[in-house]
Amino acid sequence: MALEIERKYLEVDFDSLRHRLRQCGAQGGDVHLERNRIYDLPDGSLRAGHHLLRLRTQEWPDRAQNVLTLKLPPVSAPDAAFKVREERETPVADAVQMHSILEGLGYVVRACYEKIRETWTLEHTSIDMDIVPFAHVVELEGPEEEILRLEALLGLDDVPVSTQSYHYLHQEWRKRNDLPPDLSFVFTPEELARWRRDLGLPTAEDSPHGR
């Protein structure tokens with residue numbers, strides 16, 4: 001059992017944050033493409049019960065990995081300073097076969113989402129700079145006391161903070177832009193092709209992890 005403890009930071013200057021991370025001796029900086037499928041039963045009972053079942057594929061120029069994750073309902077209050085929930089996950093050798101297994105058990109894909117993630121580590125905290133199709137967001141995951149200390153050290157204590165999921169933030173963004181609800185958020189084919197080129201990844205047609 002592992003507890004996920006995190007906060008999201010909005011309206012962050014990524015270049016300034018990278019500079020502070022290097023000054024503090026943070027490790028990492030690798031960038032990868034992340035693609036996710038969210039599964040539910042046909043009656044929507046997982047989402048209604050605040051469970052999340054996700055199959056994630058991550059691609060770097062020299063490797064790829066798949067992870068199956070189950071997130072249980074948050075144990076933190078909606079207005080808490082941190083989102084805290086139990087997370088169970090395991091590596092998956094073959095994402096295509098795992099998708100087939102989940103479908104065979106009656107699960108259906110309810111949403112897909114993509115992001116470009118740049119990951120750093122400082123002490124016991126993971127700092128992720130995420131580019132999603134509708135926003136640039138920084139996510140800190142680690143011990144609560146350390147997150148609070150590092151957010152001040154990294155200059156994140158004066159930007160808007162959220163404990164909401166990317167799906168919630170996406171729905172709010174769509175409302176502000178007078179767009180209908182949509183659980184999925186993925187890059188356009190042109191954006192995805194550009195990111196794959198920039199990251200040195202195979203083209204979508206050549207990649208075994210393509211849509």
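On a predicted model such as this, the values are computed, not experimentally measured, just so you know.
Put simply, the side chain of Arg85 never gets that close to the backbone of Glu4: no donor and acceptor are under 3.5 Å apart. For Glu114 (side chain) and Phe187 (main-chain N/O), a donor-acceptor pair under 3.5 Å exists by modelled atom type. With Asn177 contributing its side chain and Leu179 its backbone, the two residues share no donor-acceptor pair below 3.5 Å. Judged purely by atom type and a 3.5 angstrom limit, Asn36 has no side-chain atom pairing as donor or acceptor with the backbone of Arg56. Checking side-chain atoms of Asp128 against main-chain N and O of Asp130 turns up no donor-acceptor pair under 3.5 Å. The backbone N or O of Thr188 sits less than 3.5 Å from a side-chain atom of Glu191, completing a donor-acceptor pair. For Asp182 (side chain) and Ser184 (main-chain N/O), a donor-acceptor pair under 3.5 Å exists by modelled atom type.
With sequence neighbours excluded, the residues satisfying salt bridge (charged side-chain N to carboxylate O under 4.0 Å, His left out) with Glu172 are Lys175. Listed by chain and residue number, nothing satisfies the side-chain contact (heavy atoms from CB on, under 4.5 Å) test with Asp178 (two or more places apart in sequence, or in another chain). Residues forming a salt bridge (charged side-chain N to carboxylate O under 4.0 Å, His left out) with Asp62 (at least two apart in sequence, or on another chain): none. Contacts of Arg37 classified as side-chain contact (heavy atoms from CB on, under 4.5 Å), with partners at least two apart in sequence or in another chain: Tyr39, Leu55, Ala95, His99, Val109, Cys112. Partners of Asp198 according to the salt bridge (charged side-chain N to carboxylate O under 4.0 Å, His left out) rule, which considers only residues two or more places apart in sequence or in another chain, are Arg194.
Leu148 and Leu21 fall within a single hydrophobic cluster, where Ile, Leu, Val, Met, Phe, Trp and Tyr are joined by side-chain heavy atoms under 4.5 Å apart, directly or via other members. Leu53 and Val67 are assigned to two separate hydrophobic clusters, defined by single-linkage of ILVMFWY side chains at heavy-atom distances under 4.5 Å. Trp120 and Leu33 fall within the same hydrophobic cluster, defined by Ile, Leu, Val, Met, Phe, Trp and Tyr side-chain heavy atoms under 4.5 Å apart, directly or through other members. Under the 4.5 Å side-chain heavy-atom criterion for grouping Ile, Leu, Val, Met, Phe, Trp and Tyr, Ile116 is connected to Met129 within one hydrophobic cluster. In the hydrophobic cluster analysis, where Ile, Leu, Val, Met, Phe, Trp and Tyr join through side-chain heavy atoms closer than 4.5 angstrom, Val31 is grouped together with Ile131.
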Practice prompt. Please report the C-alpha distance between Leu154 and Leu17 in whole Å, then the side-chain angles of each, then the deciding distance to 0.1 Å, and finally whether the side chain to side chain contact (heavy atoms under 4.5 Å, CB included) criterion is met.
Written response: CA-CA 7 Å; Leu154 297 173; Leu17 178 57; 3.9 Å; yes

Practice prompt. Begin with the C-alpha distance, continue with both residues' side-chain angles, and end with the deciding distance and a verdict on ring pair (Phe, Tyr, Trp, His ring centres under 6.0 Å) for Tyr166 and Tyr113.
Written response: CA-CA 9 Å; Tyr166 275 115; Tyr113 67 95; 7.1 Å; no

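Phe185 CZ to His170 NE2: the interatomic distance, rounded to the nearest 0.5 Å, is 6.5 Å. The structure places OG of Ser126 at 8.0 Å from CG of Leu140, a figure rounded to the nearest 0.5 Å. To the nearest 0.5 Å, atom CD of residue Gln65 and atom CD of residue Gln58 are 4.5 Å apart. Interatomic distance, CD1 of Ile127 versus CZ of Arg18, reported as 13.0 Å (0.5 Å rounding). Thr69 contributes atom OG1, which lies 8.0 Å from atom CG of Leu52 (distance to the nearest 0.5 angstrom). Atoms CG and CZ, from Leu68 and Arg88 in turn, are 12.5 Å apart once rounded to the nearest 0.5 Å.
Side-chain N/O atoms of Asp30 and Thr119 include no donor and acceptor closer than 3.5 Å.
Around CD of Gln23, the count of heavy atoms belonging to other residues, nucleotides or ligands within 6.0 Å exceeds 12. Within a 6.0 Å radius of NE2 in His50, other residues, nucleotides and ligands contribute 12 heavy atoms or fewer. The number of heavy-atom neighbours closer than 6.0 Å to CD of Gln164, taken from other residues, nucleotides and ligands shown, is above 12.
Of the charged side-chain nitrogens involved, none lies within less than 4.0 Å of a carboxylate oxygen, so that Lys71 and Glu89 do not count as a salt-bridged pair.
For residues 133-155, the set of pairs meeting the side-chain hydrogen bond (donor to acceptor under 3.5 Å, both in side chains) definition, not counting sequence neighbours, comprises Arg7-Glu151, Lys8-Glu139, Tyr9-Glu151, Arg117-Glu139, Glu123-Arg149, His124-Glu146, Thr125-Glu146.
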